[in-house]
Amino acid sequence: MLDYYRLAGPLVRLLDAETAHGLTIRLLKTGWVPPQPRFDPPQLKIRLWGRDFANPIGLAAGFDKNAEVPDAMLDQGFGFVEIGSVTPRPQAGNPRPRMFRLPEDGAVINRMGFNNQGVTAVADRLAARRRAGIVGANLGKNKDTEDAAADYEIGAARLGPLSDYLVINVSSPNTPGLRALQGRDQLEALVGRTRAALTRAMPQGAPPLLLKIAPDLAWDDLADIAAVALDGALDGLIVSNTTVARPDSLRSGNARESGGLSGAPLFESSTAMLRRVYELTAGKLPIIGVGGIASGSEAYVKIRAGASLVQFYSAMVYHGPALVTRIKHEMLDLLTRDGFAALAEAVGADHREARG
Ligand SMILES: Cc1cc2nc3c(=O)[nH]c(=O)nc-3n(C[C@H](O)[C@H](O)[C@H](O)COP(=O)(O)O)c2cc1C
């Protein structure tokens with residue numbers, strides 16, 4: 001199997017991180033990155049929300065903000081792709097540079113600030129897709145919108161009919177005031193209004209609505225979020241977004257840049273939070289685990305901690321898309337080692353074993 005990225009990766013990494021990303025998107029768009037040979041063994045399949053995922057490995061939001069390459073990324077072997085975050089109106093985001101590699105730490109810091117082409121451009125691209133395959137849409141708000149919920153209503157109504165799932169993203173650290181929407185009262189109102197807009201747009205049945213949360217929430221806040229979720233307002237949770245914390249262990253020169261930290265240093269805290277959210281929701285709600293995954297064993301730890309699906313982004317920066325197939329092989333080995341015939345049996349296994 002040709003690992004295109006092993007050849008191109010070192011060159012791509014000579015460029016500024018965002019320039020390299022733009023180039024990667026262009027190469028994917030023009031078909032220069034060959035698809036990976038298909039590897040989707042039946043053990044890795046999972047059915048959630050009435051949809052069949054060929055495998056549980058997803059591309060996290062932020063890589064394909066404008067839905068330019070969801071099908072090309074599905075061809076790289078991802079079981080699903082999340083596009084966005086998308087805001088109603090196009091916006092430029094923060095001044096560059098705003099994305100930084102931390103190579104010694106296997107990490108990235110970004111303060112992009114929801115740069116994206118807006119909901120109309122994204123809806124047009126999703127409507128023009130030719131390939132089957134699961135694509136979720138991650139919704140954000142414009143920086144200058146005061147009534148935040150109104151932006152999520154627009155996003156849900158426009159992108160719901162074109163997506164397999166929707167995500168309310170209130171956890172990016174780079175839009176002022178956004179994360180305050182995770183508080184109980186604000187959240188109830190936000191989720192309620194978004195859900196209502198979605199139902200109005202799709203009275204015949206809407207895609208599942210998920211909430212993506214920050215790893216910096218206090219554990220008390222998690223109980224509130226779980227309560228809102230279990231009220232029937234949400235169909236799933238994504239744990240987690242990037243962190244504003246800066247662990248002492250960081251060694252890279254860019255460690256002091258402001259923004260959200262992702263990649264390896266986020267693994268432990270995001271997995272601990274996932275474990276807690278699974279407990280608080282008693283395993284009743286599918287959770288997508290994201291944060292610091294760069295191998296099959298890390299993906300599998302999140303599954304056993306309670307994730308039904310996982311995603312990654314930062315590891316793409318260092319390993320390229322061939323990592324997806326590697327993760328799937330490693331995960332299959334781990335499932336087999338532990339005697340699971342299907343992925344669903346492994347979801348939350350740690351909690352059952354701990355209880356005996
Ligand atoms: C450059 C960059 C841009 C991102 N943009 C978004 C975004 O627009 N919306 C979102 O919900 N998450 C965004 N994320 C967060 C990722 O989806 C993911 O939650 C986080 O990076 C942790 O996963 P990782 O450690 O595998 O990167 C972004 C991450 C990076 C590195």
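Whatever order the structure lists them in is the order used to number ligands and atoms, beginning at 1. Note that the structure is predicted; figures quoted are calculated from it, not measured.
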Q) Taking the six-membered ring for Trp, are the ring centroids of F312 and F78 within less than 6.0 Å of each other? A) yes
Show which atoms of ligand 1 fall inside a sub-4.0 Å distance from at least one heavy-atom site of [X].
X    : value
T242 : 15 (C), 20 (C), 21 (O)
N241 : 10 (C), 11 (O), 12 (N), 15 (C), 19 (O)
L266 : 22 (C)
N138 : 10 (C), 11 (O)
G292 : 24 (P), 25 (O), 26 (O)
S85  : 7 (C), 8 (O), 9 (N), 10 (C), 11 (O)
S314 : 24 (P), 25 (O), 26 (O), 27 (O)
K65  : 5 (N), 7 (C), 8 (O)

Can you report which non-hydrogen protein atom sits closest to [atom], along with the distance?
atom                    : result
atom 4 (C) of ligand 1  : G62 CA, 3.6 Å
atom 23 (O) of ligand 1 : V290 CG2, 3.3 Å
atom 26 (O) of ligand 1 : Y313 N, 3.0 Å
atom 21 (O) of ligand 1 : S262 CB, 3.2 Å

Contact summary for [X] and [Y], nearest pair of heavy atoms:
X    : Y    : result
A60  : V290 : CB-CG2, 4.1 Å
P208 : R51  : CD-NH1, 3.7 Å
G118 : V86  : C-CG1, 3.8 Å
G62  : H21  : O-NE2, 4.3 Å

Do any N/O atoms on [X] end up under 3.5 angstrom from N/O atoms on ligand 1?
X    : answer
A61  : yes
F312 : no
N169 : yes
G263 : yes

- Task: For the residue pair R98 and N115, establish whether any side-chain heavy-atom pair is separated by less than 4.5 Å.
- Result: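 Result yes, sub-4.5 Å side-chain heavy-atom pair found.
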Take D52 and K45, measure what salt bridge (Lys or Arg N to Asp or Glu O under 4.0 Å) needs, and give me the verdict at the end.
CA-CA 7 Å; D52 289 310; K45 287 193 198 324; over 6 Å; no
Whether D350 and K302 form a salt bridge (side-chain N of Lys/Arg under 4.0 Å from carboxylate O of Asp/Glu) is what I want to check.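 Salt bridge absent between K302 and D350.
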Run the numbers on S270 and S240 for side-chain hydrogen bond (donor to acceptor under 3.5 Å, both in side chains), then give the verdict.
-> CA-CA 6 Å; S270 61; S240 72; 4.5 Å; no
Contact region, K212 to ligand 1, non-hydrogen atoms below 4.0 Å, reads side chain
- Message: Can you tell me which portion of S171 lies within the under-4.0 Å heavy-atom range of ligand 1? Options are side chain, backbone, both, or neither.
- Response: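 Contact part for S171 vs ligand 1: neither.
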Q. Taking R195 as the fixed residue, which of I168, L166, D235 is the one that meets the side chain to side chain contact (heavy atoms under 4.5 Å, CB included) rule?
A.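 Considering I168, L166, D235, a side chain to side chain contact (heavy atoms under 4.5 Å, CB included) with R195 is found only for D235.
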From the list R326, E330, H319, side chain to side chain contact (heavy atoms under 4.5 Å, CB included) partner of S295 resolves to E330
### Message
Between ligand 1 and G291, can you find any atom pair, the residue atom being a heavy atom, that is separated by under 4.0 Å?
### Response
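Right, G291 reaches ligand 1.
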* Asked: Is there a heavy atom of A264 sitting under 4.0 angstrom from any atom of ligand 1?
  -> no
**Message:** Taking atom CZ as the centre, does R337 end up with more than 12 heavy-atom neighbours from other residues, nucleotides or ligands that are less than 6.0 angstrom away?
**Reply:** yes
